[in-house]
**Student:** 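The structure follows.
What you see is a predicted model; the values in this text were computed from it and never measured. The first residue of the sequence shown is numbered 1, and numbering continues consecutively from there.
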Amino acid sequence: MTQITGLTPLPDSLIPKTTPAMTTSGTLRAPLYVAWQVTNECNLACLHCIEESGPGKAFKDELSKEQTFEVLRQIVDNDVPYLSLSGGEPMLHPHFFEMLEYACNRGTQVKVETNGHYLSPENCARLKDLAVKAVQVSLDGATAATFGKMRVRGSFDQVMEGLRNLHAAGVPIEINHSPTGFNVHEIAAMVDLCADAGAESFYTGRTMYTGNAVKTWAKLNATDDQYEAFFDTLREKAVQYDGRMRVHFHEMGLLDELRYRLHHPAALLIVLPNGLVKLINALPFVCGDLRTQTLAEVWGNFQHAWQDPRVAAFVDALEQDPEKTSLLHQWINV
């Protein structure tokens, strides 16, 4: 999973016009959105991966099939309207299509977040038959050269073929793009490429300093001047493609967005491959465990956990010591 800022994008219909891509939890009886990282296994070893996933990186305690479908049952029974399946690479999960079938056939709108390497014509036809809401493909370069620098073991041509297969099957396409010092100059060509591929939405923002990026930051980091030009181009592209493709981007840095979330928590739960539930991708705090607690119990915990003073203290500490993002996977119960 390679979130841009570490803040999981909400579906377009849940994004208010006056806030930075988030819907607050308030007094809702259940989350509006569950973002489920179904496995940490991945066929790639990307330089910026927030989850540090890769070949052989599946958690030893990932949910069993029985546990997996019990979580799905609760998502459906609690009328959670949106579910995303990510990883790692979700299409490597042994029960991926069974999970999709279960949720989609019971009225849940499901998005698949993938690196695009398993989008064969046959798989795309199955995704269409199940009526998934969208497939979000990570694409971090407008050329094979820049793509290959970021997505180690990846194939630009294979991803582009997968996009063509999705489009031919009639599956709604979203693109997720992470900028770096070596690909930021391609943003105009990047947006054009995605529009030509038939994408309905394009998401990007500042690549976050966490996960694998902490170790590879010297290769990844874009300068302030590069980001200024990057966002100027995106504003132009948003106008150019208005009505054809939604160009959505976050200009705020991670710290500013986390401060906003302290007061306006999004109505979503982030489920890890082993059933633990995080407050947010970019922080180490865990508010429940779906192996031992119900979804309703975890949601109740979530609504109070953001008030825990340790969360605000951690966000404040990030300003003084950005290296604290390396603690992302040292989970803290709140």
Side-chain angles (χ1 to χ4, degrees), residues 1-9 20-22 44-52 115 137-152 154 156 159 175-195 199 201-241 245-261 280-283 314-328:
M1 184 179 184
T2 53
Q3 292 301 331
I4 308 149
T5 62
L7 307 180
T8 301
M22 49 199 73
L44 306 186
C46 302
L47 297 185
H48 61 323
C49 182
I50 183 175
E51 300 305 333
E52 301 181 34
N115 61 39
V137 178
S138 296
L139 188 61
D140 299 318
T143 63
T146 51
F147 178 92
K149 285 183 181 179
M150 177 77 94
R151 296 196 164 263
V152 178
F156 177 79
V159 175
I175 302 293
N176 186 64
H177 175 74
S178 295
T180 69
F182 57 76
N183 72 12
V184 69
H185 65 285
E186 293 183 344
I187 187 57
M190 183 76 238
V191 177
D192 293 342
L193 180 70
C194 295
S201 298
F202 177 86
Y203 294 96
T204 191
R206 296 174 185 268
T207 296
M208 71 177 294
Y209 181 73
T210 192
N212 283 347
V214 173
K215 296 170 284 190
T216 60
W217 198 243
K219 298 179 181 179
L220 297 179
N221 191 29
T223 66
D224 289 342
D225 287 344
Q226 285 178 314
Y227 268 126
E228 183 177 357
F230 177 79
F231 289 121
D232 284 345
T233 299
L234 285 166
R235 280 186 281 274
E236 294 172 1
K237 290 297 181 181
V239 173
Q240 177 183 345
Y241 286 106
M245 180 178 73
R246 185 174 182 275
V247 178
H248 183 77
F249 52 94
H250 297 295
E251 294 190 61
M252 284 197 298
L254 174 63
L255 193 58
D256 288 336
E257 295 204 43
L258 287 174
R259 284 174 175 152
Y260 184 93
R261 283 283 180 98
I280 195 170
N281 304 80
L283 294 177
F314 192 93
V315 173
D316 287 342
L318 283 176
E319 183 173 13
Q320 303 302 320
D321 182 13
E323 295 290 333
K324 283 188 174 293
T325 56
S326 64
L327 303 176
L328 179 68

**Student:** Taking atom types as modelled, find out whether N221 and Y209 have a side-chain donor-acceptor pair closer than 3.5 angstrom.
**Tutor:** no
**Student:** Is any NZ, NE, NH1 or NH2 atom of the basic residue among R206 and E257 found under 4.0 Å from an Asp or Glu carboxylate oxygen of the other?
**Tutor:** no
**Student:** Without swapping roles, check the side chain of T207 against the backbone of P179 for a donor-acceptor pair under 3.5 Å.
**Tutor:** yes
**Student:** Angle class for the Y227/F231 ring planes (parallel below 30°, perpendicular above 60°, tilted otherwise)?
**Tutor:** parallel
**Student:** Looking at side-chain heavy atoms only, is the closest gap between T180 and D140 below 4.5 Å?
**Tutor:** no
**Student:** So which atom in F249 and which in R235 form the shortest heavy-atom distance, rounded to 0.1 Å?
**Tutor:** CZ-CG, 3.6 Å
**Student:** Is the CG atom of D224 crowded by more than 12 outside heavy atoms at less than 6.0 Å?
**Tutor:** no
**Student:** Kindly indicate whether the side chain of E251, heavy atoms from C-beta on, has any atom under 4.5 Å from the side chain of L234.
**Tutor:** no
**Student:** Under 4.5 Å between any side-chain heavy atoms of V315 and L283, yes or no?
**Tutor:** yes
**Student:** Are the charged groups of K237 and D192 less than 4.0 angstrom apart, N to O?
**Tutor:** yes
**Student:** Would you indicate whether the side-chain heavy atoms of K215 and E52 approach each other to under 4.5 Å?
**Tutor:** yes
**Student:** Are any of the side-chain heavy atoms of L139 and R151 separated by less than 4.5 Å?
**Tutor:** no
**Student:** Side chains of L318 and T325: closer than 4.5 Å at any heavy-atom pair?
**Tutor:** yes
